[in-house]
Amino acid sequence: MKYKSCHLIEHGISIDVDSIKACCLSREFDKGQLGIVPKYENGKINWSELFQIKKEQRKFQQQKDLPACEGCYNLREENWDEEDYISYINFDHWSQCNSNCIYCGVQTNKPKAKNNIFNAIKELIKQGKFKNNGEITFQGGEPTVLKEFDSLLNLFIKEGSKVRIHSSGILFNRAIRKGLKKGVVTVVISPDAAYKETYKKVKRVDKFNKVWDNIKHYRKNLKLEFQELVKVKYIIIPSVNDTFEEITEFLNKIKSLDIKSVIVDVEYTYANQNLNNISPHIYILMDYIENFCKENNINYALYDSATYANQNRTFEKTTNFSNEIIKSDIEKYQKENINLNINYHN
(Lines give C-alpha, C1' and ligand atoms only; values in the text may rest on other atoms or scores of the structure.)
Protein backbone atom coordinates (compact mmCIF):
# COMPACT_ATOMS: atom_id res chain seq x y z
CA MET A 1 0.00 0.00 0.00
CA LYS A 2 1.26 3.48 -0.85
CA TYR A 3 1.09 6.47 1.46
CA LYS A 4 1.85 10.16 1.11
CA SER A 5 5.42 9.67 2.22
CA CYS A 6 8.10 12.29 2.93
CA HIS A 7 11.87 11.99 2.69
CA LEU A 8 12.34 14.47 5.56
CA ILE A 9 10.22 12.51 8.01
CA GLU A 10 11.98 9.35 6.86
CA HIS A 11 15.58 10.57 6.84
CA GLY A 12 15.72 14.25 7.77
CA ILE A 13 16.41 16.40 10.81
CA SER A 14 16.27 20.16 11.33
CA ILE A 15 18.50 21.27 14.19
CA ASP A 16 17.22 24.30 16.07
CA VAL A 17 18.67 25.99 19.15
CA ASP A 18 17.22 23.59 21.72
CA SER A 19 15.25 21.03 19.75
CA ILE A 20 15.33 18.81 16.69
CA LYS A 21 12.47 18.66 14.21
CA ALA A 22 11.82 16.47 11.21
CA CYS A 23 11.82 19.60 9.05
CA CYS A 24 11.58 23.39 9.23
CA LEU A 25 8.54 23.73 6.94
CA SER A 26 5.44 22.79 8.93
CA ARG A 27 4.04 25.20 11.51
CA GLU A 28 1.18 22.93 12.63
CA PHE A 29 3.05 20.74 15.07
CA ASP A 30 0.01 20.34 17.31
CA LYS A 31 -1.62 18.15 14.65
CA GLY A 32 0.97 15.41 14.94
CA GLN A 33 4.41 14.31 16.01
CA LEU A 34 6.20 16.21 13.28
CA GLY A 35 7.54 18.96 15.50
CA ILE A 36 10.04 18.30 18.23
CA VAL A 37 11.96 15.03 18.05
CA PRO A 38 14.17 14.85 21.14
CA LYS A 39 15.35 17.90 23.00
CA TYR A 40 19.07 18.08 23.28
CA GLU A 41 21.51 19.88 25.54
CA ASN A 42 25.08 21.05 24.95
CA GLY A 43 24.89 19.86 21.36
CA LYS A 44 24.69 16.19 22.35
CA ILE A 45 22.29 13.98 20.39
CA ASN A 46 21.17 10.51 21.42
CA TRP A 47 20.92 8.94 17.96
CA SER A 48 19.34 5.70 19.17
CA GLU A 49 16.57 7.68 20.84
CA LEU A 50 16.18 9.89 17.77
CA PHE A 51 15.73 6.95 15.40
CA GLN A 52 13.20 5.36 17.73
CA ILE A 53 11.17 8.58 17.74
CA LYS A 54 11.42 8.84 13.96
CA LYS A 55 9.98 5.33 13.72
CA GLU A 56 7.05 6.51 15.81
CA GLN A 57 6.75 9.59 13.58
CA ARG A 58 6.53 7.47 10.45
CA LYS A 59 3.95 5.19 12.02
CA PHE A 60 1.86 8.12 13.25
CA GLN A 61 1.94 9.93 9.92
CA GLN A 62 1.00 6.78 8.00
CA GLN A 63 -1.99 6.26 10.23
CA LYS A 64 -3.08 9.91 10.24
CA ASP A 65 -2.30 10.65 6.58
CA LEU A 66 0.18 13.43 7.41
CA PRO A 67 -2.22 15.95 9.01
CA ALA A 68 0.57 18.42 9.74
CA CYS A 69 1.82 18.36 6.17
CA GLU A 70 -1.23 19.05 4.03
CA GLY A 71 -0.26 20.74 0.79
CA CYS A 72 3.49 20.39 1.30
CA TYR A 73 5.49 20.00 -1.91
CA ASN A 74 7.65 17.28 -0.31
CA LEU A 75 4.80 14.75 -0.18
CA ARG A 76 4.97 11.89 -2.66
CA GLU A 77 2.86 8.83 -3.39
CA GLU A 78 5.40 6.16 -2.50
CA ASN A 79 5.90 3.52 0.13
CA TRP A 80 7.58 4.70 3.28
CA ASP A 81 11.26 3.83 3.66
CA GLU A 82 11.63 2.29 7.12
CA GLU A 83 15.44 2.13 7.20
CA ASP A 84 17.12 4.16 9.96
CA TYR A 85 19.59 6.69 8.60
CA ILE A 86 19.93 10.46 8.12
CA SER A 87 20.64 12.02 4.74
CA TYR A 88 18.97 15.46 5.08
CA ILE A 89 20.21 17.87 7.75
CA ASN A 90 19.11 21.49 8.14
CA PHE A 91 21.35 23.53 10.45
CA ASP A 92 19.30 26.36 11.94
CA HIS A 93 20.67 26.51 15.47
CA TRP A 94 22.29 29.94 15.61
CA SER A 95 21.44 33.57 14.91
CA GLN A 96 24.74 35.43 14.69
CA CYS A 97 25.06 37.40 11.48
CA ASN A 98 27.34 40.01 9.93
CA SER A 99 24.48 41.99 8.38
CA ASN A 100 21.20 43.26 9.77
CA CYS A 101 18.67 42.93 6.96
CA ILE A 102 15.46 44.90 7.33
CA TYR A 103 13.40 41.83 6.38
CA CYS A 104 15.02 39.47 8.91
CA GLY A 105 14.30 39.17 12.62
CA VAL A 106 16.38 36.08 13.24
CA GLN A 107 19.06 37.82 15.32
CA THR A 108 16.56 38.78 17.99
CA ASN A 109 14.67 35.48 18.03
CA LYS A 110 17.37 32.96 18.89
CA PRO A 111 20.22 32.65 21.41
CA LYS A 112 23.73 31.84 20.34
CA ALA A 113 24.58 28.47 18.83
CA LYS A 114 25.73 25.43 20.74
CA ASN A 115 29.16 24.94 19.23
CA ASN A 116 29.65 21.20 19.67
CA ILE A 117 27.21 19.93 17.05
CA PHE A 118 30.24 18.78 15.06
CA ASN A 119 30.95 15.93 17.50
CA ALA A 120 27.35 14.71 17.32
CA ILE A 121 27.41 14.66 13.49
CA LYS A 122 30.78 12.93 13.51
CA GLU A 123 29.29 10.25 15.79
CA LEU A 124 26.34 9.79 13.43
CA ILE A 125 28.75 9.12 10.57
CA LYS A 126 30.87 6.82 12.76
CA GLN A 127 27.78 4.75 13.54
CA GLY A 128 27.16 4.28 9.82
CA LYS A 129 23.80 6.03 10.08
CA PHE A 130 24.50 8.82 7.59
CA LYS A 131 24.10 8.58 3.83
CA ASN A 132 25.18 11.19 1.30
CA ASN A 133 22.14 10.80 -1.00
CA GLY A 134 20.26 13.80 0.44
CA GLU A 135 21.17 17.44 1.07
CA ILE A 136 22.72 19.44 3.89
CA THR A 137 21.47 23.00 4.38
CA PHE A 138 22.90 25.87 6.40
CA GLN A 139 20.50 28.71 7.18
CA GLY A 140 19.44 30.82 10.13
CA GLY A 141 22.27 33.21 10.91
CA GLU A 142 25.37 33.69 8.76
CA PRO A 143 27.11 30.29 8.36
CA THR A 144 30.62 31.70 7.88
CA VAL A 145 30.62 33.22 11.39
CA LEU A 146 29.59 29.91 12.98
CA LYS A 147 32.53 28.54 14.97
CA GLU A 148 32.21 24.99 13.65
CA PHE A 149 31.19 25.84 10.10
CA ASP A 150 34.47 24.97 8.37
CA SER A 151 34.78 21.69 10.29
CA LEU A 152 31.20 20.69 9.45
CA LEU A 153 31.46 21.70 5.81
CA ASN A 154 34.76 19.93 5.26
CA LEU A 155 33.30 16.81 6.89
CA PHE A 156 30.34 16.79 4.48
CA ILE A 157 32.60 17.52 1.50
CA LYS A 158 34.68 14.49 2.51
CA GLU A 159 31.49 12.40 2.65
CA GLY A 160 30.53 13.60 -0.84
CA SER A 161 27.27 15.17 0.37
CA LYS A 162 25.38 17.86 -1.49
CA VAL A 163 25.42 21.05 0.61
CA ARG A 164 23.38 24.25 0.19
CA ILE A 165 24.64 27.34 2.00
CA HIS A 166 22.70 30.57 2.41
CA SER A 167 25.30 33.30 2.97
CA SER A 168 25.46 37.07 3.17
CA GLY A 169 28.62 36.86 1.05
CA ILE A 170 30.40 39.37 3.29
CA LEU A 171 33.12 36.88 4.26
CA PHE A 172 34.88 34.83 1.59
CA ASN A 173 35.17 31.24 2.79
CA ARG A 174 37.78 28.84 1.42
CA ALA A 175 35.81 25.74 2.40
CA ILE A 176 32.84 27.00 0.34
CA ARG A 177 35.15 27.63 -2.61
CA LYS A 178 36.61 24.13 -2.19
CA GLY A 179 33.13 22.60 -2.25
CA LEU A 180 32.16 24.63 -5.33
CA LYS A 181 35.21 23.39 -7.22
CA LYS A 182 34.31 19.80 -6.30
CA GLY A 183 30.72 20.34 -7.42
CA VAL A 184 29.13 19.39 -4.08
CA VAL A 185 28.40 22.84 -2.60
CA THR A 186 25.79 25.36 -3.70
CA VAL A 187 26.11 28.89 -2.30
CA VAL A 188 23.16 31.29 -2.35
CA ILE A 189 24.04 34.97 -1.84
CA SER A 190 21.35 37.63 -1.65
CA PRO A 191 22.69 41.17 -2.27
CA ASP A 192 19.14 42.45 -2.95
CA ALA A 193 20.58 45.56 -4.55
CA ALA A 194 22.48 46.87 -7.54
CA TYR A 195 23.50 50.16 -5.94
CA LYS A 196 25.52 50.81 -2.81
CA GLU A 197 22.91 53.11 -1.29
CA THR A 198 20.13 50.52 -1.66
CA TYR A 199 22.35 47.78 -0.24
CA LYS A 200 23.05 49.86 2.89
CA LYS A 201 19.34 50.52 3.30
CA VAL A 202 18.47 46.82 3.04
CA LYS A 203 21.43 45.27 4.87
CA ARG A 204 22.28 48.14 7.23
CA VAL A 205 26.00 47.46 6.78
CA ASP A 206 28.46 48.99 4.32
CA LYS A 207 29.74 45.86 2.53
CA PHE A 208 28.31 46.27 -0.98
CA ASN A 209 31.60 46.10 -2.90
CA LYS A 210 32.92 43.26 -0.74
CA VAL A 211 29.86 41.09 -1.40
CA TRP A 212 29.95 41.52 -5.16
CA ASP A 213 33.72 40.89 -5.15
CA ASN A 214 33.18 37.64 -3.23
CA ILE A 215 30.43 36.55 -5.65
CA LYS A 216 32.97 37.10 -8.42
CA HIS A 217 35.63 35.06 -6.58
CA TYR A 218 33.26 32.17 -5.87
CA ARG A 219 32.29 32.09 -9.55
CA LYS A 220 35.84 32.42 -10.90
CA ASN A 221 37.17 29.55 -13.04
CA LEU A 222 34.50 27.01 -12.10
CA LYS A 223 33.99 24.12 -14.50
CA LEU A 224 31.06 24.61 -16.87
CA GLU A 225 28.95 21.95 -15.12
CA PHE A 226 29.46 23.66 -11.74
CA GLN A 227 28.79 27.27 -12.72
CA GLU A 228 25.13 27.21 -11.66
CA LEU A 229 26.21 26.34 -8.11
CA VAL A 230 26.82 30.05 -7.44
CA LYS A 231 23.30 31.43 -7.11
CA VAL A 232 22.54 35.12 -6.67
CA LYS A 233 19.25 35.96 -5.03
CA TYR A 234 17.13 39.09 -5.23
CA ILE A 235 14.38 39.63 -2.65
CA ILE A 236 11.93 42.19 -4.02
CA ILE A 237 11.13 44.58 -1.17
CA PRO A 238 8.23 46.96 -1.92
CA SER A 239 9.21 50.64 -1.84
CA VAL A 240 12.87 49.76 -1.19
CA ASN A 241 14.48 47.96 -4.16
CA ASP A 242 11.54 47.44 -6.52
CA THR A 243 12.38 49.79 -9.39
CA PHE A 244 13.08 48.77 -12.97
CA GLU A 245 16.26 50.83 -12.83
CA GLU A 246 17.65 48.94 -9.83
CA ILE A 247 16.69 45.53 -11.16
CA THR A 248 18.04 46.27 -14.64
CA GLU A 249 21.37 47.26 -13.10
CA PHE A 250 21.30 44.13 -10.94
CA LEU A 251 20.74 41.94 -14.00
CA ASN A 252 23.54 43.69 -15.87
CA LYS A 253 25.86 42.89 -12.96
CA ILE A 254 24.78 39.27 -13.14
CA LYS A 255 25.51 39.18 -16.85
CA SER A 256 28.89 40.90 -16.51
CA LEU A 257 30.02 38.37 -13.87
CA ASP A 258 28.73 35.49 -16.01
CA ILE A 259 26.48 34.26 -13.19
CA LYS A 260 24.37 31.34 -14.41
CA SER A 261 21.67 31.19 -11.74
CA VAL A 262 19.28 33.80 -10.31
CA ILE A 263 16.73 33.24 -7.54
CA VAL A 264 13.87 35.67 -6.96
CA ASP A 265 11.79 36.09 -3.82
CA VAL A 266 9.25 38.56 -2.46
CA GLU A 267 9.77 40.07 0.98
CA TYR A 268 8.05 37.76 3.48
CA THR A 269 6.07 40.31 5.53
CA TYR A 270 4.58 41.93 2.43
CA ALA A 271 3.87 38.59 0.75
CA ASN A 272 2.31 37.14 3.89
CA GLN A 273 0.05 40.15 4.41
CA ASN A 274 -0.93 40.37 0.76
CA LEU A 275 -0.90 36.76 -0.44
CA ASN A 276 -4.12 37.18 -2.44
CA ASN A 277 -3.46 40.81 -3.26
CA ILE A 278 0.12 41.01 -4.52
CA SER A 279 0.65 44.12 -6.59
CA PRO A 280 0.74 43.55 -10.37
CA HIS A 281 3.98 45.53 -10.29
CA ILE A 282 5.68 42.76 -8.29
CA TYR A 283 4.57 40.15 -10.82
CA ILE A 284 5.76 42.34 -13.69
CA LEU A 285 9.19 42.62 -12.05
CA MET A 286 9.33 38.85 -11.61
CA ASP A 287 8.41 38.41 -15.28
CA TYR A 288 10.97 41.04 -16.25
CA ILE A 289 13.74 39.13 -14.48
CA GLU A 290 12.57 35.82 -15.92
CA ASN A 291 12.52 37.26 -19.43
CA PHE A 292 16.06 38.62 -19.05
CA CYS A 293 17.29 35.25 -17.78
CA LYS A 294 15.74 33.40 -20.71
CA GLU A 295 17.32 35.79 -23.20
CA ASN A 296 20.75 35.41 -21.57
CA ASN A 297 20.73 31.68 -20.84
CA ILE A 298 20.58 32.18 -17.06
CA ASN A 299 18.77 29.74 -14.80
CA TYR A 300 15.75 31.39 -13.15
CA ALA A 301 14.03 30.13 -10.00
CA LEU A 302 11.54 31.37 -7.42
CA TYR A 303 12.07 31.10 -3.68
CA ASP A 304 9.49 30.46 -0.95
CA SER A 305 7.30 33.59 -0.81
CA ALA A 306 7.60 34.20 -4.55
CA THR A 307 6.59 30.60 -5.23
CA TYR A 308 3.47 30.88 -3.09
CA ALA A 309 2.64 34.28 -4.61
CA ASN A 310 3.00 32.82 -8.09
CA GLN A 311 0.75 29.88 -7.22
CA ASN A 312 -1.97 32.34 -6.17
CA ARG A 313 -1.43 34.58 -9.17
CA THR A 314 -4.37 35.87 -11.17
CA PHE A 315 -2.42 38.59 -12.97
CA GLU A 316 -1.56 37.61 -16.54
CA LYS A 317 2.09 36.98 -17.34
CA THR A 318 3.88 39.92 -18.94
CA THR A 319 6.05 39.25 -21.99
CA ASN A 320 6.18 42.71 -23.57
CA PHE A 321 8.39 45.19 -21.76
CA SER A 322 8.13 48.21 -24.01
CA ASN A 323 8.86 51.64 -22.57
CA GLU A 324 5.14 52.42 -22.64
CA ILE A 325 4.23 49.35 -20.57
CA ILE A 326 6.98 50.03 -18.05
CA LYS A 327 5.99 53.68 -17.72
CA SER A 328 2.32 52.76 -17.26
CA ASP A 329 3.20 50.20 -14.59
CA ILE A 330 5.35 52.68 -12.68
CA GLU A 331 2.58 55.28 -12.65
CA LYS A 332 -0.01 52.76 -11.40
CA TYR A 333 2.36 51.45 -8.73
CA GLN A 334 3.14 54.95 -7.45
CA LYS A 335 -0.57 55.58 -6.89
CA GLU A 336 -1.03 52.14 -5.38
CA ASN A 337 1.82 52.65 -2.91
CA ILE A 338 0.51 55.85 -1.35
CA ASN A 339 -0.86 53.92 1.62
CA LEU A 340 1.66 51.09 1.67
CA ASN A 341 2.71 50.47 5.26
CA ILE A 342 5.13 47.65 5.98
CA ASN A 343 6.75 47.28 9.40
CA TYR A 344 10.23 46.05 8.60
CA HIS A 345 12.45 44.88 11.45
CA ASN A 346 14.26 47.61 13.39
Side-chain angles (χ1 to χ4, degrees), residues 5-47 49-58 60-61 66-76 80-81 84-97 104-107 109-125 129-143 146 148-149 152-153 155-156 159 161-167 186 188 268 303-305 307:
S5 61
C6 171
H7 62 282
L8 296 178
I9 294 178
E10 290 169 342
H11 305 300
I13 55 173
S14 181
I15 303 175
D16 210 326
V17 173
D18 59 359
S19 63
I20 300 175
K21 306 177 180 70
C23 77
C24 64
L25 297 175
S26 177
R27 299 293 185 267
E28 300 184 76
F29 299 145
D30 59 319
K31 291 186 179 181
Q33 297 178 6
L34 183 61
I36 294 175
V37 185
K39 287 195 172 183
Y40 70 105
E41 296 179 357
N42 300 319
K44 295 180 180 179
I45 300 174
N46 185 326
W47 292 110
E49 179 185 353
L50 183 144
F51 284 119
Q52 182 58 41
I53 294 174
K54 287 190 77 64
K55 284 182 180 178
E56 295 171 4
Q57 276 188 335
R58 290 195 293 264
F60 179 86
Q61 299 295 0
L66 294 157
C69 308
E70 186 176 353
C72 181
Y73 51 77
N74 283 313
L75 297 180
R76 58 181 194 260
W80 286 83
D81 184 356
D84 289 336
Y85 66 87
I86 298 297
S87 57
Y88 295 87
I89 303 177
N90 176 53
F91 290 97
D92 195 11
H93 64 295
W94 80 102
S95 62
Q96 299 99 305
C97 194
C104 181
V106 70
Q107 294 192 70
N109 292 338
K110 293 183 180 180
K112 292 184 177 180
K114 297 175 174 63
N115 282 309
N116 50 357
I117 290 294
F118 174 77
N119 290 330
I121 301 302
K122 196 172 180 181
E123 179 62 27
L124 174 70
I125 295 172
K129 294 293 186 178
F130 175 80
K131 291 188 178 182
N132 67 358
N133 58 349
E135 184 178 63
I136 311 302
T137 307
F138 287 89
Q139 61 183 13
E142 168 55 32
L146 185 64
E148 294 183 305
F149 175 71
L152 284 165
L153 182 55
L155 181 62
F156 290 123
E159 291 296 314
S161 305
K162 296 293 184 182
V163 184
R164 177 179 291 265
I165 299 162
H166 296 267
S167 173
T186 296
V188 181
Y268 172 80
Y303 205 61
D304 292 350
S305 293
T307 298

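Since the model is a prediction, treat every value here as computed from it, not as a measurement. Keep in mind that the numbers below use all heavy atoms, side chains included, and drop hydrogens, waters and symmetry copies. Index from 1, following the sequence.
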Quiz item: With sequence neighbours left out, what residues match Tyr85 under side-chain contact (heavy atoms from CB on, under 4.5 Å)?
Solution: His11, Asp81, Glu83, Ser87, Lys131, Asn133
Exercise. Please list, chain by chain and in numerical order, all residues satisfying ring pair (Phe, Tyr, Trp, His ring centres under 6.0 Å) with Tyr303, sequence neighbours excluded.
Key: His166
Quiz item: Got a second to check how far Leu8's CG is from Ile89's CD1, nearest 0.5 Å?
Solution: 12.0 Å
Quiz item: Is there a side-chain contact between Ile45 and Leu124 (heavy atoms, below 4.5 Å)?
Solution: no
Quiz item: Can you list the residues that meet the side-chain contact (heavy atoms from CB on, under 4.5 Å) rule with Leu155, with sequence neighbours excluded?
Solution: Phe118, Ile121, Ile125
Self-check item: Inter-residue atom distance Ile9.CD1 - Tyr88.OH, 0.5 Å rounding
Solution: 13.5 Å
Quiz item: OG/Ser95 to CG/Leu146 distance, rounded to the nearest 0.5 angstrom?
Solution: 10.5 Å
Quiz item: Do side-chain atoms of Lys54 reach the backbone of Gly12 as a donor and acceptor pair under 3.5 angstrom?
Solution: yes
Exercise. Taking side chain to side chain donor-acceptor pair (under 3.5 Å) as the test, write out the residues that go with Glu159, two or more places apart.
Key: none
Self-check item: Spacing of CD1 belonging to Ile13 relative to OG belonging to Ser19, to within rounding of 0.5 Å
Solution: 11.5 Å
Quiz item: Quick one: CD on Glu49 to CD1 on Ile20, what's the gap to the nearest 0.5 Å?
Solution: 9.0 Å
Exercise. Provide the closest heavy-atom pair for Trp47 versus Ala120 in the form atom of the first, atom of the second, distance.
Key: NE1-O, 3.0 Å
Self-check item: Any donor-acceptor N or O pair under 3.5 Å, side chains Ser167, Glu142
Solution: yes
Quiz item: Does Asp84 have any salt bridge (Lys or Arg N to Asp or Glu O under 4.0 Å) partners at least two apart in sequence or in another chain, and if so, which?
Solution: Lys55, Arg58
Exercise. Measure the spacing between CD of Glu135 and NE2 of His7 and express it to the nearest 0.5 Å.
Key: 8.5 Å
Quiz item: Between Lys162 and Gly134, what is the shortest heavy-atom contact and its length?
Solution: CB-O, 3.8 Å
Quiz item: Who pairs with Phe138 by ring pair (Phe, Tyr, Trp, His ring centres under 6.0 Å), at least two apart in sequence or on another chain?
Solution: Phe91, Phe149
Quiz prompt | Ser14: side-chain contact (heavy atoms from CB on, under 4.5 Å) partners, not counting sequence neighbours | solution = Lys21, Cys24, Asn90
Quiz item: With sequence neighbours left out, what residues match Glu10 under salt bridge (Lys or Arg N to Asp or Glu O under 4.0 Å)?
Solution: Arg76
